[in-house]
Amino acid sequence: MALYDDFLITSDYDLTITGPDATIPQRNLDAIRYFMENGGAFTVNTGRSGVSARSVMEKVPVNAPFLLMNGSSMMQNGETLELHTIDLEPWPLLTQLEKAVPGVVTEVQDNQFHYIPFSCPKRIAQHESLGWAYKKVNVGDDVGPFAKFNVCPTEAAIQAGKQDPARWQEILRLLDQAHAYLETQFGDKLEVYRSAPTFLNVHAKGCSKIAAARRLQKQLGRKYLICIGDGLNDIPMLDGADYAFCPADAVIANRYETVCNCADGAVADVIYEKIPGILGILP
């Protein structure tokens, strides 16, 4: 039996595996390989879709399927193994939300494309610069079954907040209003996560990082689930894990046991320093 045969680690990507500059510390890469070579199962558990995680899949060594879209999807070797779609028609839902909360805009996502409104040229330019697969859409265009949509302030609202910092809190409150509206109107159909101050991720009811991690743990036959994350959308995953850790500079670091800052190799700290302690207390 190898040292880490009993363990599955699922880790958030941005600001957990990566540092603030979006690069992965070499210390993390070395530690992940060491963990897997000694029997551990490791994968990424992210809010990103297959489109925005494609580069992640090329950078991070894993030996288990990627968990994407806050638990809505599982992918391995470019193949979608699971996809939990939202049981609602997209355009009535999205147009109703944008009418109820003026100042927000929505973006539909699946593992093949992001569907960007023509009214969001900066989002289109971002996708172009990053090489992400996208399609420009108008209201009513067919986007097929969808597993995720994002809600964010309009580009005009964000620009207004940047020009007048006093208005920035108003911009952030738009997301609070959108969150409350979605839970009130569609709480039986949707899960809503605040992935960043200006971003809501919306998924099918029951989808979460922890639910996906536990399904994967069962499939792999691992006794213990270790989760690492930094953001608000990681809270359910960390709360539900057997062992949970945060980078010291995470926005939720006050809630969980911490390791070093993300830029210094937070995942490596878990593998090299925290798991030996866990092994010491296990029967």
Side-chain angles (χ1 to χ4, degrees), residues 3-4 6-38 40-48 52-53 55-57 59-62 64 66-68 70-71 168-169 172 175 193-201 208-210 212-214 216-217 222 224-282:
L3 184 61
Y4 302 126
D6 286 338
F7 292 93
L8 166 64
I9 295 176
T10 76
S11 176
D12 182 52
Y13 180 70
D14 297 288
L15 299 177
T16 303
I17 293 176
T18 74
D21 64 356
T23 65
I24 303 174
Q26 185 62 43
R27 184 168 177 258
N28 278 346
L29 296 173
D30 293 342
I32 293 167
R33 294 188 181 100
Y34 164 78
F35 177 72
M36 295 190 300
E37 288 166 1
N38 286 277
F42 183 90
T43 195
V44 176
N45 198 342
T46 178
R48 290 181 181 229
S52 56
S55 62
V56 176
M57 296 177 188
K59 295 173 182 175
V60 183
V62 302
F66 277 82
L67 305 178
L68 304 171
N70 291 313
W168 189 246
Q169 291 304 315
L172 297 183
L175 274 295
Y193 299 102
R194 189 78 168 251
S195 61
T198 58
F199 258 88
L200 298 181
N201 298 158
S208 68
K209 287 188 174 188
I210 186 59
R214 287 298 188 187
L216 181 59
Q217 178 192 10
R222 303 295 170 127
Y224 305 106
L225 174 65
I226 297 175
C227 294
I228 316 168
D230 75 289
L232 296 173
N233 60 323
D234 294 317
I235 289 173
M237 175 179 75
L238 298 173
D239 283 347
D242 296 314
Y243 301 94
F245 302 97
C246 273
D249 52 348
V251 296
I252 55 171
N254 63 321
R255 300 177 61 137
Y256 304 99
E257 187 171 351
T258 59
V259 288
C260 64
N261 289 349
C262 59
D264 297 323
V267 173
D269 260 14
V270 172
I271 292 169
Y272 292 143
E273 299 179 15
K274 296 301 181 179
I275 295 182
I278 294 169
L279 286 168
I281 65 173
L282 295 179

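Since we're looking at a predicted model, the values are computed, not measured.
With contacts defined as side-chain heavy-atom distances shorter than 4.5 Å, the pair Thr10/Phe66 does not qualify. Contact of the Met36 side chain with the Pro61 side chain is registered, since non-hydrogen atoms from C-beta on lie closer than 4.5 Å. Side-chain contact between Tyr256 and Ile228 is absent, with no heavy-atom pair separated by less than 4.5 Å. Proximity of Asn28 to Ile271: side-chain heavy atoms (C-beta onward) are nowhere separated by under 4.5 Å. Two residues are said to be in side-chain contact when any heavy atoms from C-beta on lie closer than 4.5 Å; Pro247 and Asp230 meet this criterion. Using a 4.5 Å cut-off on side-chain heavy atoms (C-beta onward), Lys274 and Phe245 make contact. Side-chain contact between Cys246 and Val259: absent, with no pair of heavy atoms (C-beta onward) separated by less than 4.5 Å. Side-chain contact check for Thr18 versus Thr23: every heavy-atom pair is 4.5 Å or farther apart.
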Checking side chain to side chain contact (heavy atoms under 4.5 Å, CB included) for the pair Leu216/Leu67: CA distance, chi angles, key distance, verdict? CA-CA 9 Å; Leu216 181 59; Leu67 305 178; 4.2 Å; yes
I'd like to know whether Ile210 forms a side chain to side chain contact (heavy atoms under 4.5 Å, CB included) with Asp239, so could you lay out the CA-CA distance, the side-chain angles of the two residues, the decisive distance to 0.1 Å, and finally the verdict. CA-CA 8 Å; Ile210 186 59; Asp239 283 347; over 6 Å; no
Yes or no on side chain to side chain contact (heavy atoms under 4.5 Å, CB included) for Ser11 and Thr16, after CA distance, side-chain angles and deciding distance? CA-CA 7 Å; Ser11 176; Thr16 303; 3.4 Å; yes
Apply side chain to side chain contact (heavy atoms under 4.5 Å, CB included) to residues Tyr13 and Val60 and explain how you reach the verdict. CA-CA 9 Å; Tyr13 180 70; Val60 183; 3.6 Å; yes
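Nearest heavy-atom pair across Lys209 and Gly47 is CE-N, 3.9 Å. Nearest heavy-atom pair across Asp242 and Leu225 is OD2-N, 2.8 Å. For the pair Cys262 and Pro25, the tightest heavy-atom approach, listed with the atom from each and the gap, is O-CG, 3.6 Å.
We find that Asp234 and Arg255 are not joined by a salt bridge, their nearest charged nitrogen and carboxylate oxygen being 4.0 Å or further apart.
Across Thr46, Asn45, Asn201, a single residue satisfies side chain to side chain contact (heavy atoms under 4.5 Å, CB included) together with Asn70, and that is Asn201.
A distance of 6.0 Å separates OH of Tyr243 from OH of Tyr224, quoted to the nearest 0.5 Å. Rounded to the nearest 0.5 Å, atoms CG (Leu175) and CG (Leu200) are 4.5 Å apart. From Asp12, atom CG reaches atom CZ of Arg48 across 9.5 Å, with rounding to the nearest 0.5 Å. The line from CG of Leu15 to CG of Asp249 is 7.5 Å long, rounded to the nearest 0.5 Å. Between Arg214 atom CZ and Leu8 atom CG the span is 9.0 Å, to the nearest 0.5 Å. In this structure, the separation between CD1 on Ile9 and CD1 on Ile226 is 5.0 Å, given to the nearest 0.5 Å.
Residues satisfying the ring pair (Phe, Tyr, Trp, His ring centres under 6.0 Å) criterion with Phe35, sequence neighbours excluded, are Tyr4.
Between the side chains of Asn233 and Ser195, no donor N or O sits under 3.5 Å from an acceptor N or O.
The list of side-chain hydrogen bond (donor to acceptor under 3.5 Å, both in side chains) pairs with a residue in residues 258-273, not counting sequence neighbours, reads Arg27-Asp269.
Although no hydrogens or angles enter the test, the distance criterion places a donor-acceptor pair under 3.5 Å between the side chain of Arg222 and the main chain of Phe7.
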